K.L.:
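One structure, as C-alpha coordinates, below. Some questions next.
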Number of protein chains: 2
Amino acid sequence: MRRTKEDAARTREEVLAAAAEIFYENGVSGSSLEKIAQRAGVTRGAIYWHFKDKAEVLTALHREIRLPQETIVDYAIAHGHDDPLGLIENATIEVLQILVNDEHQQRVFAIMILGCEFTEHLSDAAQRIVTANAEMFGKLQKLIEMADERSRLAPLWTADAAARAIQCSMNGLLAEWLRSGKSFPLVDVGERLVRSLIHSMRGETSN
Amino acid sequence: MRRTKEDAARTREEVLAAAAEIFYENGVSGSSLEKIAQRAGVTRGAIYWHFKDKAEVLTALHREIRLPQETIVDYAIAHGHDDPLGLIENATIEVLQILVNDEHQQRVFAIMILGCEFTEHLSDAAQRIVTANAEMFGKLQKLIEMADERSRLAPLWTADAAARAIQCSMNGLLAEWLRSGKSFPLVDVGERLVRSLIHSMRGETSN
DNA sequence: ATGTTTACAATCATTCATGTATGTTTGTAT
DNA sequence: ATACAAACATACATGAATGATTGTAAACAT
(Lines give C-alpha, C1' and ligand atoms only; values in the text may rest on other atoms or scores of the structure.)
Protein backbone atom coordinates (compact mmCIF):
# COMPACT_ATOMS: atom_id res chain seq x y z
CA MET A 1 0.00 0.00 0.00
CA ARG A 2 1.20 3.45 -0.88
CA ARG A 3 1.25 6.29 1.52
CA THR A 4 3.87 8.87 0.65
CA LYS A 5 2.98 12.07 -1.16
CA GLU A 6 4.91 11.08 -4.25
CA ASP A 7 3.17 7.73 -4.39
CA ALA A 8 -0.20 9.42 -4.20
CA ALA A 9 0.69 11.81 -6.97
CA ARG A 10 1.83 8.83 -8.94
CA THR A 11 -1.42 6.93 -8.66
CA ARG A 12 -3.20 10.14 -9.62
CA GLU A 13 -1.17 10.24 -12.80
CA GLU A 14 -1.77 6.56 -13.41
CA VAL A 15 -5.49 7.12 -13.08
CA LEU A 16 -5.35 9.96 -15.57
CA ALA A 17 -3.31 7.89 -18.01
CA ALA A 18 -5.75 5.01 -17.68
CA ALA A 19 -8.65 7.39 -18.15
CA ALA A 20 -7.11 8.71 -21.35
CA GLU A 21 -6.88 5.18 -22.71
CA ILE A 22 -10.35 4.10 -21.66
CA PHE A 23 -11.99 7.32 -22.82
CA TYR A 24 -10.19 7.00 -26.11
CA GLU A 25 -11.37 3.44 -26.60
CA ASN A 26 -14.96 3.71 -25.43
CA GLY A 27 -15.84 7.37 -25.45
CA VAL A 28 -16.45 9.34 -22.29
CA SER A 29 -19.99 8.23 -21.62
CA GLY A 30 -19.13 4.65 -22.47
CA SER A 31 -16.42 4.52 -19.84
CA SER A 32 -17.15 3.57 -16.26
CA LEU A 33 -14.93 4.58 -13.38
CA GLU A 34 -14.66 0.88 -12.59
CA LYS A 35 -12.98 0.20 -15.93
CA ILE A 36 -10.63 3.10 -15.47
CA ALA A 37 -9.77 1.89 -11.99
CA GLN A 38 -9.02 -1.61 -13.24
CA ARG A 39 -6.79 -0.30 -16.01
CA ALA A 40 -4.97 1.84 -13.49
CA GLY A 41 -4.62 -1.07 -11.10
CA VAL A 42 -6.62 0.54 -8.31
CA THR A 43 -10.20 0.54 -7.09
CA ARG A 44 -12.83 3.18 -7.57
CA GLY A 45 -12.06 4.33 -4.06
CA ALA A 46 -8.76 5.72 -5.23
CA ILE A 47 -10.38 7.62 -8.06
CA TYR A 48 -13.03 9.07 -5.82
CA TRP A 49 -10.34 10.18 -3.43
CA HIS A 50 -8.50 12.18 -6.07
CA PHE A 51 -11.48 13.36 -8.11
CA LYS A 52 -15.04 14.25 -7.37
CA ASP A 53 -16.54 12.34 -10.29
CA LYS A 54 -16.00 11.36 -13.91
CA ALA A 55 -16.45 14.89 -15.15
CA GLU A 56 -13.62 16.08 -12.93
CA VAL A 57 -11.36 13.36 -14.29
CA LEU A 58 -12.13 14.60 -17.76
CA THR A 59 -11.41 18.22 -16.97
CA ALA A 60 -8.20 17.25 -15.18
CA LEU A 61 -7.16 15.35 -18.26
CA HIS A 62 -8.06 18.31 -20.34
CA ARG A 63 -6.16 20.77 -18.19
CA GLU A 64 -2.96 18.85 -18.81
CA ILE A 65 -2.76 19.71 -22.48
CA ARG A 66 -2.66 22.99 -24.30
CA LEU A 67 -5.13 23.39 -27.09
CA PRO A 68 -3.37 23.78 -30.45
CA GLN A 69 -5.29 26.99 -30.85
CA GLU A 70 -3.89 28.48 -27.68
CA THR A 71 -0.44 27.39 -28.75
CA ILE A 72 -0.77 29.08 -32.10
CA VAL A 73 -1.80 32.37 -30.61
CA ASP A 74 0.91 32.17 -27.97
CA TYR A 75 3.49 31.52 -30.62
CA ALA A 76 2.31 34.48 -32.63
CA ILE A 77 2.40 36.79 -29.65
CA ALA A 78 5.82 35.55 -28.57
CA HIS A 79 7.36 36.20 -31.97
CA GLY A 80 6.26 39.78 -32.43
CA HIS A 81 3.83 41.24 -34.87
CA ASP A 82 5.55 42.26 -38.03
CA ASP A 83 3.92 40.45 -40.90
CA PRO A 84 1.00 39.00 -38.92
CA LEU A 85 -0.12 36.77 -41.74
CA GLY A 86 3.29 35.16 -42.06
CA LEU A 87 3.25 34.70 -38.34
CA ILE A 88 -0.01 32.82 -38.46
CA GLU A 89 1.31 30.68 -41.26
CA ASN A 90 4.50 29.72 -39.46
CA ALA A 91 2.81 29.26 -36.11
CA THR A 92 0.23 26.95 -37.55
CA ILE A 93 2.77 24.77 -39.28
CA GLU A 94 4.97 24.60 -36.23
CA VAL A 95 2.05 23.64 -34.01
CA LEU A 96 1.10 20.86 -36.38
CA GLN A 97 4.66 19.54 -36.33
CA ILE A 98 4.69 19.49 -32.55
CA LEU A 99 1.34 17.78 -32.36
CA VAL A 100 2.36 14.98 -34.71
CA ASN A 101 5.02 13.95 -32.21
CA ASP A 102 2.90 14.13 -29.09
CA GLU A 103 0.74 11.03 -28.82
CA HIS A 104 -0.74 12.01 -25.50
CA GLN A 105 -1.98 15.34 -26.80
CA GLN A 106 -3.42 13.56 -29.79
CA ARG A 107 -5.32 11.15 -27.63
CA VAL A 108 -6.72 13.79 -25.32
CA PHE A 109 -7.63 15.89 -28.29
CA ALA A 110 -9.33 12.96 -29.95
CA ILE A 111 -11.32 12.40 -26.78
CA MET A 112 -12.45 16.00 -26.78
CA ILE A 113 -13.34 16.18 -30.45
CA LEU A 114 -14.62 12.70 -31.16
CA GLY A 115 -15.33 10.95 -27.87
CA CYS A 116 -17.10 13.66 -25.92
CA GLU A 117 -20.58 14.96 -26.44
CA PHE A 118 -21.07 18.65 -26.98
CA THR A 119 -24.59 19.05 -25.70
CA GLU A 120 -26.61 22.12 -24.89
CA HIS A 121 -25.77 22.14 -21.20
CA LEU A 122 -22.09 21.63 -21.83
CA SER A 123 -19.71 19.80 -19.61
CA ASP A 124 -16.91 21.72 -17.99
CA ALA A 125 -14.34 20.39 -20.42
CA ALA A 126 -16.48 20.99 -23.48
CA GLN A 127 -17.17 24.49 -22.27
CA ARG A 128 -13.45 25.19 -22.08
CA ILE A 129 -13.01 24.16 -25.69
CA VAL A 130 -15.78 26.48 -26.77
CA THR A 131 -14.27 29.34 -24.80
CA ALA A 132 -10.78 28.69 -26.10
CA ASN A 133 -12.19 28.62 -29.60
CA ALA A 134 -13.88 31.96 -29.16
CA GLU A 135 -10.75 33.56 -27.70
CA MET A 136 -8.67 32.10 -30.46
CA PHE A 137 -10.99 33.59 -33.01
CA GLY A 138 -10.81 37.02 -31.42
CA LYS A 139 -7.04 37.05 -31.39
CA LEU A 140 -6.80 35.69 -34.91
CA GLN A 141 -9.14 38.38 -36.05
CA LYS A 142 -7.04 41.09 -34.43
CA LEU A 143 -3.87 39.78 -36.00
CA ILE A 144 -5.49 39.81 -39.40
CA GLU A 145 -6.88 43.29 -38.86
CA MET A 146 -3.33 44.43 -38.20
CA ALA A 147 -2.25 42.87 -41.43
CA ASP A 148 -5.11 44.59 -43.17
CA GLU A 149 -3.92 47.99 -41.96
CA ARG A 150 -0.36 47.43 -43.15
CA SER A 151 -0.97 45.93 -46.53
CA ARG A 152 -4.51 45.60 -47.74
CA LEU A 153 -6.13 42.18 -47.53
CA ALA A 154 -7.12 40.71 -50.84
CA PRO A 155 -10.58 41.99 -51.80
CA LEU A 156 -12.05 38.52 -51.44
CA TRP A 157 -11.47 38.62 -47.72
CA THR A 158 -12.55 40.48 -44.64
CA ALA A 159 -10.68 40.09 -41.37
CA ASP A 160 -13.68 38.35 -39.91
CA ALA A 161 -14.11 35.85 -42.72
CA ALA A 162 -10.39 35.21 -42.93
CA ALA A 163 -10.06 34.42 -39.24
CA ARG A 164 -13.08 32.16 -39.43
CA ALA A 165 -11.73 30.38 -42.48
CA ILE A 166 -8.37 29.67 -40.90
CA GLN A 167 -9.93 28.47 -37.69
CA CYS A 168 -12.43 26.21 -39.40
CA SER A 169 -9.86 24.75 -41.75
CA MET A 170 -7.39 23.93 -39.03
CA ASN A 171 -9.95 22.47 -36.67
CA GLY A 172 -11.42 20.46 -39.51
CA LEU A 173 -8.00 19.27 -40.55
CA LEU A 174 -7.25 18.04 -37.06
CA ALA A 175 -10.65 16.43 -36.60
CA GLU A 176 -10.44 14.58 -39.89
CA TRP A 177 -6.91 13.46 -39.20
CA LEU A 178 -7.85 12.02 -35.85
CA ARG A 179 -11.14 10.55 -37.05
CA SER A 180 -9.48 8.81 -39.96
CA GLY A 181 -6.91 7.22 -37.68
CA LYS A 182 -4.13 9.49 -38.93
CA SER A 183 -4.57 8.13 -42.42
CA PHE A 184 -2.91 11.06 -44.15
CA PRO A 185 0.17 13.23 -43.55
CA LEU A 186 -1.12 15.97 -41.27
CA VAL A 187 1.76 18.40 -41.63
CA ASP A 188 1.95 18.01 -45.37
CA VAL A 189 -1.71 18.70 -46.03
CA GLY A 190 -1.87 21.32 -43.30
CA GLU A 191 1.08 23.18 -44.70
CA ARG A 192 -0.35 23.34 -48.19
CA LEU A 193 -3.70 24.39 -46.83
CA VAL A 194 -2.36 27.21 -44.69
CA ARG A 195 0.05 28.43 -47.33
CA SER A 196 -2.73 28.51 -49.84
CA LEU A 197 -5.08 30.40 -47.55
CA ILE A 198 -2.56 32.94 -46.33
CA HIS A 199 -1.36 33.39 -49.86
CA SER A 200 -4.86 34.10 -51.03
CA MET A 201 -5.37 36.60 -48.23
CA ARG A 202 -2.22 38.46 -49.16
CA GLY A 203 -3.59 39.01 -52.61
CA GLU A 204 -0.41 37.77 -54.24
CA THR A 205 -0.27 35.57 -57.32
CA SER A 206 -0.72 31.90 -56.58
CA ASN A 207 2.12 29.63 -55.48
CA MET B 1 -55.64 4.88 -29.38
CA ARG B 2 -54.34 4.60 -32.91
CA ARG B 3 -54.70 1.57 -35.05
CA THR B 4 -54.59 2.40 -38.75
CA LYS B 5 -51.43 2.16 -40.84
CA GLU B 6 -51.21 5.91 -41.32
CA ASP B 7 -51.56 6.51 -37.62
CA ALA B 8 -48.75 4.10 -36.91
CA ALA B 9 -46.48 5.76 -39.45
CA ARG B 10 -47.36 9.05 -37.84
CA THR B 11 -46.31 8.06 -34.35
CA ARG B 12 -43.14 6.67 -35.85
CA GLU B 13 -42.39 10.08 -37.28
CA GLU B 14 -43.30 11.74 -34.00
CA VAL B 15 -40.89 9.49 -32.18
CA LEU B 16 -38.13 10.38 -34.62
CA ALA B 17 -38.86 14.07 -34.30
CA ALA B 18 -38.82 13.82 -30.52
CA ALA B 19 -35.60 11.83 -30.67
CA ALA B 20 -33.97 14.53 -32.76
CA GLU B 21 -34.87 17.13 -30.15
CA ILE B 22 -33.82 15.07 -27.16
CA PHE B 23 -30.59 13.90 -28.75
CA TYR B 24 -29.81 17.46 -29.72
CA GLU B 25 -30.37 18.71 -26.19
CA ASN B 26 -28.72 15.96 -24.18
CA GLY B 27 -26.47 14.09 -26.56
CA VAL B 28 -27.18 10.54 -27.64
CA SER B 29 -25.85 8.76 -24.58
CA GLY B 30 -27.50 11.28 -22.29
CA SER B 31 -30.92 10.56 -23.73
CA SER B 32 -33.13 7.77 -22.45
CA LEU B 33 -35.90 6.22 -24.47
CA GLU B 34 -38.22 7.22 -21.66
CA LYS B 35 -37.48 10.91 -22.26
CA ILE B 36 -37.96 10.51 -25.98
CA ALA B 37 -41.23 8.70 -25.40
CA GLN B 38 -42.49 11.45 -23.11
CA ARG B 39 -41.58 14.14 -25.62
CA ALA B 40 -43.36 12.21 -28.32
CA GLY B 41 -46.41 11.69 -26.13
CA VAL B 42 -46.16 7.93 -26.12
CA THR B 43 -44.65 5.23 -23.92
CA ARG B 44 -41.48 3.28 -24.42
CA GLY B 45 -43.63 0.44 -25.65
CA ALA B 46 -44.39 2.38 -28.81
CA ILE B 47 -40.72 3.04 -29.45
CA TYR B 48 -39.83 -0.60 -28.95
CA TRP B 49 -42.55 -1.54 -31.36
CA HIS B 50 -41.09 0.56 -34.16
CA PHE B 51 -37.39 0.25 -33.34
CA LYS B 52 -35.17 -2.40 -31.85
CA ASP B 53 -33.28 -0.08 -29.54
CA LYS B 54 -31.80 3.40 -29.21
CA ALA B 55 -29.12 2.73 -31.80
CA GLU B 56 -31.76 1.90 -34.36
CA VAL B 57 -33.58 5.13 -33.64
CA LEU B 58 -30.34 6.97 -34.26
CA THR B 59 -29.64 5.23 -37.54
CA ALA B 60 -33.22 5.77 -38.65
CA LEU B 61 -32.82 9.46 -37.92
CA HIS B 62 -29.60 9.40 -39.79
CA ARG B 63 -31.03 7.65 -42.80
CA GLU B 64 -33.54 10.45 -43.24
CA ILE B 65 -30.96 13.02 -44.20
CA ARG B 66 -28.38 13.12 -46.91
CA LEU B 67 -24.88 13.95 -45.83
CA PRO B 68 -23.69 17.22 -47.37
CA GLN B 69 -20.75 15.30 -48.72
CA GLU B 70 -22.92 12.86 -50.61
CA THR B 71 -24.94 15.75 -51.94
CA ILE B 72 -21.85 17.52 -53.21
CA VAL B 73 -20.62 14.49 -55.07
CA ASP B 74 -24.06 13.78 -56.48
CA TYR B 75 -24.33 17.32 -57.70
CA ALA B 76 -20.95 17.11 -59.37
CA ILE B 77 -21.82 13.86 -61.11
CA ALA B 78 -25.22 15.15 -62.19
CA HIS B 79 -23.75 18.26 -63.80
CA GLY B 80 -21.11 16.57 -65.95
CA HIS B 81 -17.39 16.75 -65.73
CA ASP B 82 -16.08 19.61 -67.75
CA ASP B 83 -14.11 21.87 -65.45
CA PRO B 84 -14.15 19.54 -62.42
CA LEU B 85 -12.71 22.18 -60.11
CA GLY B 86 -15.42 24.66 -60.96
CA LEU B 87 -17.92 21.90 -60.40
CA ILE B 88 -16.65 21.28 -56.92
CA GLU B 89 -16.76 24.97 -56.20
CA ASN B 90 -20.35 25.43 -57.31
CA ALA B 91 -21.56 22.22 -55.75
CA THR B 92 -20.10 23.11 -52.40
CA ILE B 93 -21.64 26.54 -52.35
CA GLU B 94 -25.01 25.24 -53.41
CA VAL B 95 -24.99 22.55 -50.76
CA LEU B 96 -24.21 25.11 -48.11
CA GLN B 97 -27.09 27.27 -49.26
CA ILE B 98 -29.48 24.36 -49.07
CA LEU B 99 -28.29 23.35 -45.65
CA VAL B 100 -28.75 26.82 -44.18
CA ASN B 101 -32.46 26.55 -44.88
CA ASP B 102 -32.99 23.04 -43.55
CA GLU B 103 -33.21 23.09 -39.79
CA HIS B 104 -33.89 19.41 -39.50
CA GLN B 105 -30.77 18.47 -41.42
CA GLN B 106 -28.81 20.85 -39.28
CA ARG B 107 -30.04 19.27 -36.08
CA VAL B 108 -29.39 15.73 -37.21
CA PHE B 109 -26.01 16.76 -38.44
CA ALA B 110 -25.24 18.45 -35.16
CA ILE B 111 -26.20 15.28 -33.35
CA MET B 112 -23.83 13.28 -35.50
CA ILE B 113 -20.90 15.66 -35.25
CA LEU B 114 -21.27 17.03 -31.75
CA GLY B 115 -23.65 14.83 -29.81
CA CYS B 116 -22.48 11.39 -30.80
CA GLU B 117 -19.31 9.65 -29.73
CA PHE B 118 -16.94 8.38 -32.38
CA THR B 119 -15.28 5.57 -30.48
CA GLU B 120 -13.10 2.72 -31.60
CA HIS B 121 -15.94 0.25 -31.96
CA LEU B 122 -18.17 2.62 -33.84
CA SER B 123 -21.92 2.74 -33.75
CA ASP B 124 -23.83 2.00 -36.91
CA ALA B 125 -24.55 5.65 -37.54
CA ALA B 126 -21.01 6.79 -36.84
CA GLN B 127 -19.74 4.08 -39.14
CA ARG B 128 -21.88 5.41 -41.94
CA ILE B 129 -20.37 8.85 -41.56
CA VAL B 130 -16.87 7.43 -41.73
CA THR B 131 -17.73 5.41 -44.82
CA ALA B 132 -19.42 8.33 -46.53
CA ASN B 133 -16.38 10.43 -45.72
CA ALA B 134 -14.04 7.92 -47.29
CA GLU B 135 -16.17 7.58 -50.41
CA MET B 136 -16.44 11.31 -50.68
CA PHE B 137 -12.70 11.62 -50.52
CA GLY B 138 -12.20 9.05 -53.24
CA LYS B 139 -14.61 10.77 -55.60
CA LEU B 140 -13.22 14.18 -54.85
CA GLN B 141 -9.77 12.87 -55.57
CA LYS B 142 -10.83 11.45 -58.91
CA LEU B 143 -12.48 14.70 -59.91
CA ILE B 144 -9.34 16.61 -59.09
CA GLU B 145 -7.18 14.12 -60.93
CA MET B 146 -9.31 14.76 -63.98
CA ALA B 147 -8.72 18.44 -63.58
CA ASP B 148 -5.03 17.76 -63.24
CA GLU B 149 -4.97 15.97 -66.58
CA ARG B 150 -6.75 18.78 -68.40
CA SER B 151 -4.95 21.77 -67.01
CA ARG B 152 -2.12 21.22 -64.62
CA LEU B 153 -2.79 21.70 -60.92
CA ALA B 154 -0.81 24.46 -59.31
CA PRO B 155 2.58 23.08 -58.20
CA LEU B 156 1.70 23.53 -54.55
CA TRP B 157 -0.96 20.85 -54.83
CA THR B 158 -1.31 17.17 -55.49
CA ALA B 159 -4.71 15.64 -56.17
CA ASP B 160 -4.52 13.81 -52.88
CA ALA B 161 -3.66 16.84 -50.78
CA ALA B 162 -6.19 18.98 -52.61
CA ALA B 163 -9.04 16.56 -52.01
CA ARG B 164 -8.07 16.26 -48.39
CA ALA B 165 -7.85 20.01 -47.98
CA ILE B 166 -11.30 20.62 -49.40
CA GLN B 167 -12.85 17.86 -47.36
CA CYS B 168 -11.26 18.98 -44.11
CA SER B 169 -12.11 22.62 -44.67
CA MET B 170 -15.73 21.95 -45.42
CA ASN B 171 -16.24 19.52 -42.57
CA GLY B 172 -14.49 21.89 -40.22
CA LEU B 173 -16.58 24.78 -41.43
CA LEU B 174 -19.77 22.90 -40.76
CA ALA B 175 -18.65 21.63 -37.40
CA GLU B 176 -17.59 25.07 -36.22
CA TRP B 177 -20.77 26.63 -37.47
CA LEU B 178 -22.91 24.16 -35.61
CA ARG B 179 -20.78 24.15 -32.50
CA SER B 180 -20.81 27.93 -32.29
CA GLY B 181 -24.59 28.00 -32.51
CA LYS B 182 -24.54 29.35 -36.07
CA SER B 183 -22.72 32.45 -34.90
CA PHE B 184 -21.37 33.36 -38.31
CA PRO B 185 -22.69 33.43 -41.88
CA LEU B 186 -22.02 29.92 -43.13
CA VAL B 187 -22.50 30.52 -46.83
CA ASP B 188 -20.48 33.71 -46.82
CA VAL B 189 -17.42 32.24 -45.14
CA GLY B 190 -17.79 28.96 -46.96
CA GLU B 191 -17.97 30.64 -50.32
CA ARG B 192 -14.81 32.66 -49.72
CA LEU B 193 -13.05 29.59 -48.43
CA VAL B 194 -13.90 27.37 -51.37
CA ARG B 195 -13.24 30.06 -53.94
CA SER B 196 -9.87 30.72 -52.39
CA LEU B 197 -8.92 27.06 -52.31
CA ILE B 198 -10.09 26.22 -55.82
CA HIS B 199 -8.45 29.36 -57.08
CA SER B 200 -5.19 28.36 -55.52
CA MET B 201 -5.44 24.91 -57.04
CA ARG B 202 -6.02 26.34 -60.49
CA GLY B 203 -2.76 28.19 -60.25
CA GLU B 204 -4.34 31.45 -61.34
CA THR B 205 -3.54 34.84 -59.86
CA SER B 206 -5.44 35.60 -56.68
CA ASN B 207 -9.01 36.89 -56.62
C1' DA C 1 5.13 5.50 21.47
C1' DT C 2 1.02 7.22 20.11
C1' DG C 3 -2.51 9.83 17.89
C1' DT C 4 -3.84 11.60 13.69
C1' DT C 5 -4.24 12.03 9.01
C1' DT C 6 -3.41 10.24 4.39
C1' DA C 7 -4.47 7.20 0.78
C1' DC C 8 -6.67 4.13 -0.44
C1' DA C 9 -9.86 -0.79 -0.41
C1' DA C 10 -14.19 -2.99 0.41
C1' DT C 11 -18.95 -2.99 1.01
C1' DC C 12 -23.52 -1.25 0.48
C1' DA C 13 -27.66 1.12 -0.94
C1' DT C 14 -29.81 3.55 -4.59
C1' DT C 15 -30.80 5.07 -8.98
C1' DC C 16 -31.71 4.51 -13.64
C1' DA C 17 -32.01 2.75 -18.17
C1' DT C 18 -32.85 -1.19 -20.51
C1' DG C 19 -35.17 -5.26 -22.30
C1' DT C 20 -38.90 -8.29 -22.01
C1' DA C 21 -43.25 -10.05 -21.07
C1' DT C 22 -47.83 -9.46 -20.82
C1' DG C 23 -52.20 -6.96 -21.14
C1' DT C 24 -55.46 -4.19 -23.87
C1' DT C 25 -57.67 -1.94 -27.49
C1' DT C 26 -58.91 -1.46 -32.09
C1' DG C 27 -58.74 -2.34 -37.05
C1' DT C 28 -59.52 -5.97 -40.52
C1' DA C 29 -60.36 -10.20 -42.85
C1' DT C 30 -63.70 -13.94 -43.17
C1' DA D 1 -70.07 -12.18 -35.53
C1' DT D 2 -65.74 -13.88 -34.77
C1' DA D 3 -60.88 -14.54 -35.06
C1' DC D 4 -56.62 -12.64 -35.60
C1' DA D 5 -53.08 -9.36 -35.86
C1' DA D 6 -51.46 -4.68 -35.48
C1' DA D 7 -50.27 -0.98 -32.36
C1' DC D 8 -49.53 0.23 -28.65
C1' DA D 9 -49.60 0.66 -22.81
C1' DT D 10 -48.34 -1.37 -18.48
C1' DA D 11 -45.67 -3.92 -15.39
C1' DC D 12 -41.65 -6.22 -14.05
C1' DA D 13 -37.07 -8.06 -13.84
C1' DT D 14 -32.31 -7.19 -14.45
C1' DG D 15 -27.84 -5.23 -14.51
C1' DA D 16 -24.78 -1.67 -14.47
C1' DA D 17 -22.93 2.52 -12.72
C1' DT D 18 -22.95 5.69 -9.17
C1' DG D 19 -22.19 7.87 -4.67
C1' DA D 20 -21.73 7.14 0.14
C1' DT D 21 -20.10 4.77 4.03
C1' DT D 22 -16.97 2.28 6.47
C1' DG D 23 -12.67 -0.21 7.22
C1' DT D 24 -7.59 -0.09 7.43
C1' DA D 25 -2.67 0.07 6.82
C1' DA D 26 0.97 2.98 6.55
C1' DA D 27 3.10 7.69 6.98
C1' DC D 28 3.88 11.53 9.71
C1' DA D 29 3.79 14.78 13.45
C1' DT D 30 4.28 15.21 18.30
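Values in this document were obtained by computation on a predicted structure and should not be read as measured data. Sequence lines set the chain letters: A, B, ... in the order given, protein chains first and strands last, and positions in each chain run from 1. Computed over heavy atoms, backbone and side chain alike; hydrogens, waters and symmetry mates excluded.
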K.L.:
List in chain and number order the residues that pass salt bridge (Lys or Arg N to Asp or Glu O under 4.0 Å) with B:D83, two or more places apart in sequence or in another chain; answer none if no residue qualifies.
P.N.:
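Partners of B:D83 by the salt bridge (Lys or Arg N to Asp or Glu O under 4.0 Å) criterion, ordered by chain and then number, come out as B:R202.
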K.L.:
Taking only residues two or more places apart in sequence, or in another chain, which ones meet B:E21 in a salt bridge (Lys or Arg N to Asp or Glu O under 4.0 Å)?
P.N.:
B:R39
K.L.:
Would A:E6 and A:T4 count as having a side-chain donor-acceptor pair, cut-off 3.5 Å?
P.N.:
yes
K.L.:
So which nucleotide from C:dA7, D:dA6, C:dA9 ends up closest to the side chain of A:K5?
P.N.:
C:dA7
K.L.:
Rounding to an integer number of Å, can you tell me how far B:I47 CD1 sits from D:dT10 C1'?
P.N.:
15 Å
K.L.:
Donor-acceptor pairs are to be reported for all side-chain atoms of residues 136-145 of chain B against protein atoms at under 3.5 Å, with residues two or more places apart or in another chain.
P.N.:
unit_1	atom_1	unit_2	atom_2	d
B:Q141	NE2	B:D160	OD2	3.2

K.L.:
Check this one for me: any side-chain N or O of A:H50 less than 4.0 Å away from OP1 or OP2 of C:dA7?
P.N.:
no
K.L.:
In whole angstrom, what separates B:E6's CD from C:dG27's P?
P.N.:
11 Å
K.L.:
In whole angstroms, how far is the C1' atom of C:dA7 from the CD atom of A:E13?
P.N.:
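So the two atoms are 16 Å apart, to the nearest Å.
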K.L.:
Not counting sequence neighbours, which residues clear salt bridge (Lys or Arg N to Asp or Glu O under 4.0 Å) with A:R192? List them please.
P.N.:
A:D188
K.L.:
How many whole angstroms separate atom CD1 of A:I22 from atom P of D:dA17?
P.N.:
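Answer to the nearest Å: 12 Å.
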K.L.:
Report the end-to-end axis angle of the helix from C:dA1-D:dT30 to C:dT30-D:dA1; each axis comes from five terminal pairs, and the value is rounded to 10°.
P.N.:
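Between the first-five-pair axis and the last-five-pair axis there is 0°.
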K.L.:
Let me have a per-nucleotide readout for nucleotides 14-20 of chain C, 5' to 3', with B, S or -, counting only protein heavy atoms under 4.0 Å.
P.N.:
---SBBB
K.L.:
Taking side chain to side chain donor-acceptor pair (under 3.5 Å) as the definition, give me every residue that meets it alongside A:T119, ordered by chain and number, with sequence neighbours left out.
P.N.:
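Applying side chain to side chain donor-acceptor pair (under 3.5 Å) to A:T119 gives A:H121.
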K.L.:
Which nucleotide sits closest to the side chain of B:V42: D:dA9, C:dA7, C:dC8?
P.N.:
D:dA9
K.L.:
Could you work out, with side chain to side chain donor-acceptor pair (under 3.5 Å) as the rule, every residue matching B:R195, not counting sequence neighbours?
P.N.:
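In terms of side chain to side chain donor-acceptor pair (under 3.5 Å), with neighbours along the sequence ignored, B:R195 is linked to B:E89, B:E191.
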K.L.:
Measure the distance from CG on A:D7 to P on C:dT5 and round it to the nearest whole Å.
P.N.:
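To the nearest whole Å, that distance equals 21 Å.
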K.L.:
Tell me the interatomic distance from A:E14, atom CD, to C:dA7, atom C1', rounded to whole angstroms.
P.N.:
14 Å
K.L.:
Below the 4.0 Å mark, does C:dC8 have OP1 or OP2 next to a side-chain nitrogen or oxygen of A:W49?
P.N.:
no
K.L.:
Going by atom types only, do A:S29 and B:E117 share a side-chain donor-acceptor pair under 3.5 Å?
P.N.:
yes
K.L.:
For B:R179, enumerate each residue passing the salt bridge (Lys or Arg N to Asp or Glu O under 4.0 Å) test, keeping only those at least two apart in sequence or located in another chain.
P.N.:
B:E176
